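Taking it in order: structure first as structure tokens, then the write-up.
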Amino acid sequence: MHVAVIGGGAVGTTTAHDLAALGAEVTLFEAGAVAEGSSGRAAGVCYDAFADRLDADLATRALDRFRDRSGEGAFGFEDRPYVWLAREGDTRTVEAIESHVERMRANGLDVSLVSAAELGDRWPALVTDDVACAAVAENAGCADPAAYTELMAARAREAGVTVREQTPARLDGRAVNGDEYDAVVVAAGAHTRRVCEPVAPVPIKPYRVQALVTESVDIETPQLYDASGGYYLRPRAGGLLVGDGTEPVERDPDDWEREADGWFLEACEGYERRALARSFSVERAWAGLCTATPDGNPLFGELTEGVFVAAGWQGHGFMRAPAFSEILANRVVSGIDHEALHAFSPTRFDGDEDFEIVEGMARNVEG
Ligand SMILES: Cc1cc2nc3c(=O)[nH]c(=O)nc-3n(C[C@H](O)[C@H](O)[C@H](O)COP(=O)(O)OP(=O)(O)OC[C@H]3O[C@@H](n4cnc5c(N)ncnc54)[C@H](O)[C@@H]3O)c2cc1C
């Protein structure tokens, strides 16, 4: 079986590798260089803290696969709990956290509500006096998404995949750049709508998010998401990685500002003070694209006969890439069904839906 994979991000490289491991002859097309898209710009925050059982199962499987790969090449997965919290006065988020934690625990996740005092005892550097509600997910960790993607491209090559960088793919039925394949997987991130256009419309909108890394800091923190403030942080390369949520504006995937905005750098000083009572100088800052769908869930599965799509991750594509890729490879090569292929089927939409870009995932912890 000859399969074309379009896109050399975390999803495309892992899928290409998994397809080849199952015996497929695979060609991966990447318009630029491997990891040049969103996977090279992501924060690498990973956790299983999803209220929905299917989301949690997929995240758990992805964490296992990351851990299995840790230590290979330049890729390392570092276990680190994920904390999300609401500050005083934000009653709506307090209620959301409490109800989501209850559902997570019912699904067997190692997640608990903690008091502000308990949070402060475990991580003394955190500002906790105005924390109204906090939860800790123990099954979580972080990784360098670019290192992972490059590792998977290398492993894919070893498994026999032909990786064609600097080769934009043009789709026409099951033909890519004029050659016919038995199946095509489109994992083209922010370009997915454009790539799929010749076969079927898909409702995906790219939007811009931003992150920075600070100077070196001597502070022990969890991976932290302040749901009231709309920012997150985690340790990275001796400093802290600080990121901001959604700018709910559709972007042209070929024409967007890659540098961080001045307002974002200023906002991060405020975020750092709010989280840690100090702010830090900036080593590096950048922007990247995420992708939104009408219901906040991915578009995943068969779009038209033999053409599969895996995109629309709502800012959570890296942490789930190993699980979704495995399911897709099993489906394409062996015809193995999985409930995710139905729950997230791209055919649940007409493709021309008018929708707002909304932060996060439809059914996750921020909901
Ligand atoms: C600042 C930031 C922080 C983030 N933090 C996190 C996080 O902490 N955790 C998390 O899970 N997710 C995070 N994300 C989201 C995450 O980056 C994405 O969900 C994930 O990387 C998507 O991977 P992908 O392989 O689908 O897409 P991409 O990595 O974008 O790969 C798609 C590739 O397709 C290529 N391509 C496009 N068109 C064509 C074509 N015609 N032919 C060939 N190739 C083509 C592109 O060049 C690109 O390399 C973050 C994103 C940003 C920007």
Side-chain angles (χ1 to χ4, degrees), residues 4-16 27-47 58-59 62-63 66 82 140-146 148-150 152-153 163-171 176-177 184-198 204 206-213 223 225 232-234 236 241-247 251 253-254 256 258 260 264 284-292 298-300 309-325 328 360-361 364:
V5 176
I6 301 177
V11 178
T13 56
T14 312
T15 306
T27 305
L28 175 101
F29 295 88
E30 166 51 53
V34 161
E36 206 176 79
S38 302
S39 300
R41 293 171 174 266
V45 174
C46 305
Y47 50 75
L58 291 163
L63 288 167
F66 280 133
Y82 176 73
C142 34
D144 176 346
Y148 171 80
T149 305
E150 276 152 20
M152 291 317 297
V163 179
R164 293 203 185 137
E165 293 180 282
Q166 313 302 335
T167 312
R170 247 181 324 93
L171 191 59
V176 176
N177 296 353
V184 180
V185 171
V186 182
H191 286 87
T192 297
R193 183 179 198 131
R194 282 200 186 154
V195 171
C196 289
E197 231 150 45
I204 288 188
Y207 60 90
R208 196 164 159 267
V209 297
Q210 304 184 56
L212 61 76
V213 175
Q223 305 187 90
Y225 176 59
Y232 61 89
L233 58 83
R234 76 160 177 93
R236 173 152 162 185
L241 188 154
V242 187
D244 196 310
T246 305
E247 263 186 87
R251 302 286 173 175
D254 290 317
W256 52 281
R258 283 155 173 80
F264 171 71
R284 198 163 66 86
W286 67 93
L289 294 181
C290 291
T291 46
L299 300 181
F300 179 69
V309 63
W313 306 112
Q314 296 274 164
H316 294 66
F318 175 68
M319 68 173 79
R320 301 184 290 169
F324 276 91
S325 301
L328 200 49
M361 292 163 50
N364 79 346

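Whatever order the structure lists ligands and atoms in, that order sets their numbers, starting from 1. Computed from a predicted structure; not experimentally measured. Atoms considered below: every heavy atom in the structure, side chains included; atoms not considered: hydrogens, waters and symmetry mates.
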Please report the interatomic distance [atom1]([X]) to [atom2]([Y]), rounded to the nearest 0.5 Å.
X: Asp244; Y: Gln210; atom1: CG; atom2: CD; answer: 7.0 Å
X: Thr14; Y: Phe324; atom1: OG1; atom2: CZ; answer: 12.5 Å
X: Arg258; Y: Arg208; atom1: CZ; atom2: CZ; answer: 10.0 Å
X: Ile204; Y: Thr192; atom1: CD1; atom2: OG1; answer: 5.0 Å
X: Glu247; Y: Tyr207; atom1: CD; atom2: OH; answer: 11.0 Å
X: Leu289; Y: Trp256; atom1: CG; atom2: CH2; answer: 4.5 Å

Shortest reach to [atom] by a heavy atom, considering only [options]:
atom: atom 16 (C) of ligand 1; options: Ala4, Ser325, Ala42; result: Ala42
atom: atom 23 (O) of ligand 1; options: Gly9, Ser39, Ala146, Gly288; result: Ser39
atom: atom 18 (C) of ligand 1; options: Gly317, Ala143, Gly312; result: Gly317
atom: atom 37 (C) of ligand 1; options: His191, Glu36, Glu30; result: His191

[X] heavy atoms, cut-off 4.0 Å: which ligand 1 atoms fall inside?
X: Phe29; value: 43 (C), 44 (N)
X: Ala188; value: 32 (C), 34 (O), 37 (C), 38 (N)
X: Val45; value: 7 (C), 8 (O), 9 (N)
X: Val209; value: 1 (C), 2 (C), 52 (C), 53 (C)
X: Arg41; value: 1 (C), 2 (C), 3 (C), 52 (C)
X: Pro168; value: 42 (N)
X: Trp313; value: 19 (O), 22 (C), 26 (O)
X: Ala43; value: 3 (C), 4 (C), 5 (N), 6 (C), 8 (O)

Please report whether ligand 1 has a polar contact with [X], defined as an N or O pair separated by less than 3.5 Å (distance criterion only).
X: Met319; answer: yes
X: Phe318; answer: yes
X: Ala190; answer: no

Closest approach of any protein heavy atom to [atom], naming residue and atom:
atom: atom 34 (O) of ligand 1; value: Gly7 CA, 3.2 Å
atom: atom 44 (N) of ligand 1; value: Ala31 N, 2.9 Å
atom: atom 27 (O) of ligand 1; value: Gly189 CA, 3.7 Å
atom: atom 13 (C) of ligand 1; value: Gly315 O, 3.2 Å
atom: atom 51 (C) of ligand 1; value: Cys290 SG, 3.6 Å
atom: atom 30 (O) of ligand 1; value: Ser38 N, 3.0 Å
atom: atom 42 (N) of ligand 1; value: Ala169 N, 2.8 Å

Give me the atom names and distance for the closest heavy-atom approach of [X] to [Y].
X: Gly12; Y: Leu28; result: O-CD1, 3.7 Å
X: Trp286; Y: Leu241; result: CH2-CD1, 4.2 Å
X: Arg236; Y: Val213; result: O-CG1, 4.1 Å
X: Thr13; Y: Met152; result: OG1-CB, 3.5 Å

**Asked** Is Tyr47 close to Met319 at the side-chain level, that is, under 4.5 Å between some pair of heavy atoms?
**Response**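 Contact flag for Met319/Tyr47 side chains = yes.
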
**Prompt:** Taking heavy atoms and a distance under 4.0 Å, where does Tyr207 meet ligand 1: side chain, backbone, both or neither?
**Reply:**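 It is neither part, as no heavy atom is under 4.0 Å.
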
**ligand 1 contact on Val11 by region, counting heavy-atom pairs under 4.0 Å** =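 Both backbone and side chain.
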
**Prompt:** Would the Phe318 and Phe66 ring centres measure less than 6.0 Å apart?
**Reply:**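 Yes, they do, as the ring centres are separated by less than 6.0 Å.
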
**Asked** Among the heavy atoms of Ala187, does any lie under 4.0 Å from an atom of ligand 1?
**Response**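 Right, Ala187 reaches ligand 1.
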
**Asked** At the 4.0 Å heavy-atom cut-off, does Ala311 count as touching ligand 1?
**Response** no

**Item:** Residues Ser39 and Tyr148: side-chain donor-acceptor under 3.5 angstrom
**Value:** no

